[in-house]
Amino acid sequence: MLLTENPGEIDWFSRQGGWQVLPLRRLSGATDARVKAYRKQTRAGILPPVLLWWISGLDCYVILDGHDRILAAIAEEQEPPFIALASVDRHRQEAHSQVAVDRYRTEQQLIPPGNVEALAMSSRCLARTLIEIRTDYHPTRAWMLPGGRAAWDAASRAIGPGWCEHLRHSTGYAP
């Protein structure tokens with residue numbers, strides 16, 4: 001669920017929740033040389049993974065590395081390989097996993113012998129539950145930029161002067 005319509009904007013209302021992927025820079029064109037090269041790698045099955053970071057405050061992933069790789073995979077109608085960074089609470093995950101496994105063992109004892117369908121359904125339910133527990137991310141932490149707002153304003157002017165002009169016209173704020 002790559003967010004491409006309005007770069008830098010997330011629409012939580014029409015997208016039905018999170019799990020979206022937000023690019024951190026303007027995306028290349030589909031005919032750019034790097035995208036073409038990555039399309040060949042995609043077809044060959046050797047595309048390096050896209051590095052994502054789950055940010056709880058945005059309720060989505062951001063692309064840290066692999067903007068052109070994700071475009072190439074999408075152009076080839078394949079799901080790109082991903083590595084996702086996220087903050088997790090291992091103790092909480094272990095406790096929830098143990099509860100799920102205990103519940104599964106209890107269910108298994110209640111299923112009549114020979115009821116293969118019920119056994120399979122119970123096993124699939126455990127697998128789904130364990131996957132959900134594994135992706136139960138902790139809130140993302142953030143720290144103030146040393147120098148505060150003045151440092152942020154200076155960095156934003158240095159990195160993206162065009163962005164500063166856009167911000168000045170759209171909001172009246174001038175870093």
Side-chain angles (χ1 to χ4, degrees), residues 1-90 93 124 127-147 149-175:
M1 294 180 54
L2 183 63
L3 297 168
T4 58
E5 291 89 33
N6 299 310
E9 295 181 17
I10 305 168
D11 181 1
W12 291 285
F13 301 107
S14 65
R15 294 281 183 173
Q16 303 298 319
W19 305 106
Q20 300 170 70
V21 178
L22 178 67
L24 288 180
R25 67 165 174 82
R26 187 173 306 269
L27 295 172
S28 302
T31 59
D32 286 9
R34 287 176 53 89
V35 176
K36 286 181 181 179
Y38 284 133
R39 288 183 75 168
K40 287 181 186 177
Q41 290 182 0
T42 302
R43 288 190 297 270
I46 59 170
L47 185 69
V50 175
L51 180 61
L52 303 175
W53 182 24
W54 175 258
I55 299 184
S56 61
L58 297 176
D59 193 28
C60 75
Y61 291 97
V62 296
I63 303 172
L64 294 179
D65 181 53
H67 291 77
D68 292 337
R69 293 191 300 274
I70 199 169
L71 287 176
I74 290 169
E76 292 297 321
E77 298 180 358
Q78 292 189 27
E79 182 175 325
F82 293 107
I83 295 176
L85 303 174
S87 181
V88 295
D89 181 342
R90 291 282 178 220
Q93 284 183 341
R124 285 191 298 272
R128 277 192 306 274
T129 301
L130 291 175
I131 287 170
E132 287 173 9
I133 291 169
R134 204 172 129 225
T135 57
D136 181 19
Y137 300 144
H138 224 43
T140 308
R141 302 226 183 254
W143 294 268
M144 290 289 295
L145 180 66
R149 181 176 170 175
W152 168 255
D153 289 346
S156 62
R157 276 192 304 275
I159 292 171
W163 175 77
C164 293
E165 274 304 308
H166 170 73
L167 190 61
R168 182 182 346 271
H169 291 299
S170 62
T171 66
Y173 172 71

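- Looking at His67, its side chain never comes within 3.5 Å of a backbone N or O of Arg26 through a donor-acceptor pair.
- The CE atom of Met144 lies 11.5 Å from the CH2 atom of Trp152; values are rounded to the nearest 0.5 Å.
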Cut-off 3.5 Å, no hydrogens considered: what does the side-chain donor-acceptor table look like for residues 41-53, sequence neighbours left out?
residue: Thr42; atom: OG1; partner: Tyr38; partner atom: O; Å: 2.8
residue: Arg43; atom: NH1; partner: Glu76; partner atom: OE2; Å: 2.7

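- Two residues are said to be in side-chain contact when any heavy atoms from C-beta on lie closer than 4.5 Å; Ile55 and Leu22 fail this criterion.
- Applying the side chain to side chain contact (heavy atoms under 4.5 Å, CB included) criterion to Ser28, with sequence neighbours excluded, gives Arg25, Asp32, Val35, Asp68, Leu71.
- In this structure Ala75 satisfies the side chain to side chain contact (heavy atoms under 4.5 Å, CB included) test together with Arg39, sequence neighbours excluded.
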